[in-house]
Amino acid sequence: WIGSHWVAVGSGAGRAMAWTSSDGTTWRPVQTGSGLDGSTVDRITAIGSQLIALGESTPGDGAAWQSSDGTSWSRLQTGDIFIKAGISAVASINGRLVLFGASASGQTLVAVGAP
């Protein structure tokens, strides 16, 4: 729930999708060009007034996006830390977004964003 509506994310046909609903029963797809194009997403988390979606930008490369309304998404810059590594969780610690993941070899990866 963000603002006045529910937001859901998922993937189909090899691309990320998002939907919004004011009642939790009737869902409307977010327009293509939302910032999720060419990606897949599999989870969403609310942190304060922001939504954070986690998934992949290309097969095997972890990526994360943020949105204040669920309809327009911007990719978080993580450098190359999640290349061939998944992002499994996100948290806010002392006002900074922190992304957690693991490499294919099991190495724990952490990316800390700007406040």
Side-chain angles (χ1 to χ4, degrees):
W1 181 264
I2 188 123
S4 61
H5 56 270
W6 297 97
V7 178
V9 297
S11 298
R15 68 180 188 91
M17 297 181 278
W19 299 265
T20 61
S21 174
S22 60
D23 61 10
T25 302
T26 305
W27 293 85
R28 292 175 305 284
V30 170
Q31 295 294 322
T32 303
S34 67
L36 296 173
D37 297 340
S39 306
T40 59
V41 294
D42 56 17
R43 63 185 85 70
I44 188 170
T45 302
I47 296 183
S49 62
Q50 295 290 308
L51 295 172
I52 308 296
L54 304 178
E56 295 183 348
S57 60
T58 57
D61 292 349
W65 297 263
Q66 71 179 38
S67 176
S68 60
D69 62 9
T71 62
S72 179
W73 295 86
S74 59
R75 184 161 173 196
L76 296 174
Q77 298 303 312
T78 59
D80 60 0
I81 191 169
F82 294 108
I83 291 177
K84 302 298 177 210
I87 301 174
S88 56
V90 60
S92 177
I93 300 173
N94 293 328
R96 294 176 183 258
L97 280 180
V98 181
L99 300 170
F100 302 90
S103 68
S105 64
Q107 177 184 9
T108 299
L109 304 172
V110 178
V112 179

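For reference, positions follow the sequence shown, starting with 1. Hydrogens, waters and symmetry mates are skipped; everything else that's a heavy atom, side chains included, is used.
Here the rule is side chain to side chain contact (heavy atoms under 4.5 Å, CB included) with Ile52, and of Ile87, Ile44, Val90 only Val90 fits it.
Phe82 approaches Ala111 most closely through the heavy-atom pair CE1-CB, 3.7 Å. Taking all atoms of both residues into account, the shortest heavy-atom contact from Ser92 to Ile47 is CB-CG2, 3.5 Å. Scanning all heavy atoms of the two residues, the minimum distance from Ser103 to Ala85 falls at CA-CB, 3.8 Å. Closest approach of Trp19 to Gly10, counting heavy atoms only: CZ3-N, 3.6 Å. Residues Phe100 and Ala91 share a closest heavy-atom pair of CE1-CB, 4.0 Å.
In this structure, the side chain of Ser57 does not engage the main chain of Ser39 through any donor-acceptor pair within 3.5 Å. A donor-acceptor pair under 3.5 Å is formed between the side chain of Ser67 and the backbone N or O of Ser72. Not a single donor-acceptor pair under 3.5 Å links the side chain of Ser21 to the backbone N or O of Trp6. Judged by distance alone, with hydrogens and angles left aside, the side-chain atoms of Ser22 form no donor-acceptor pair with the main-chain N or O of His5 at under 3.5 Å.
Remark: Asp80 pairs with no residue by the side chain to side chain donor-acceptor pair (under 3.5 Å) rule, at least two apart or across chains. The side chain to side chain donor-acceptor pair (under 3.5 Å) check on Thr40 picks up nothing, with sequence neighbours excluded. Taking Arg28 as the reference, nothing meets the side chain to side chain donor-acceptor pair (under 3.5 Å) condition, with sequence neighbours excluded. Considering only residues two or more places apart in sequence or on other chains, Trp27 meets the ring pair (Phe, Tyr, Trp, His ring centres under 6.0 Å) condition with none of them. Thr25 is linked by a side-chain contact (heavy atoms from CB on, under 4.5 Å) to Asp23, counting only residues two or more places apart in sequence or in another chain.
In this structure, CG on Asp61 lies 4.5 Å from NZ on Lys84, to the nearest 0.5 angstrom.
Linking Ile, Leu, Val, Met, Phe, Trp and Tyr whenever their side-chain heavy atoms come within less than 4.5 Å leaves Ile83 and Leu109 in two separate clusters.
By the 4.5 Å heavy-atom criterion applied to side chains, Val9 and Met17 are not counted as neighbours. Counting heavy atoms from C-beta outward, Leu99 and Leu54 have side chains that approach closer than 4.5 Å.
Pairs of residues two or more places apart, or lying in two chains, never qualify as side chain to side chain donor-acceptor pair (under 3.5 Å) while including a residue from residues 41-52.
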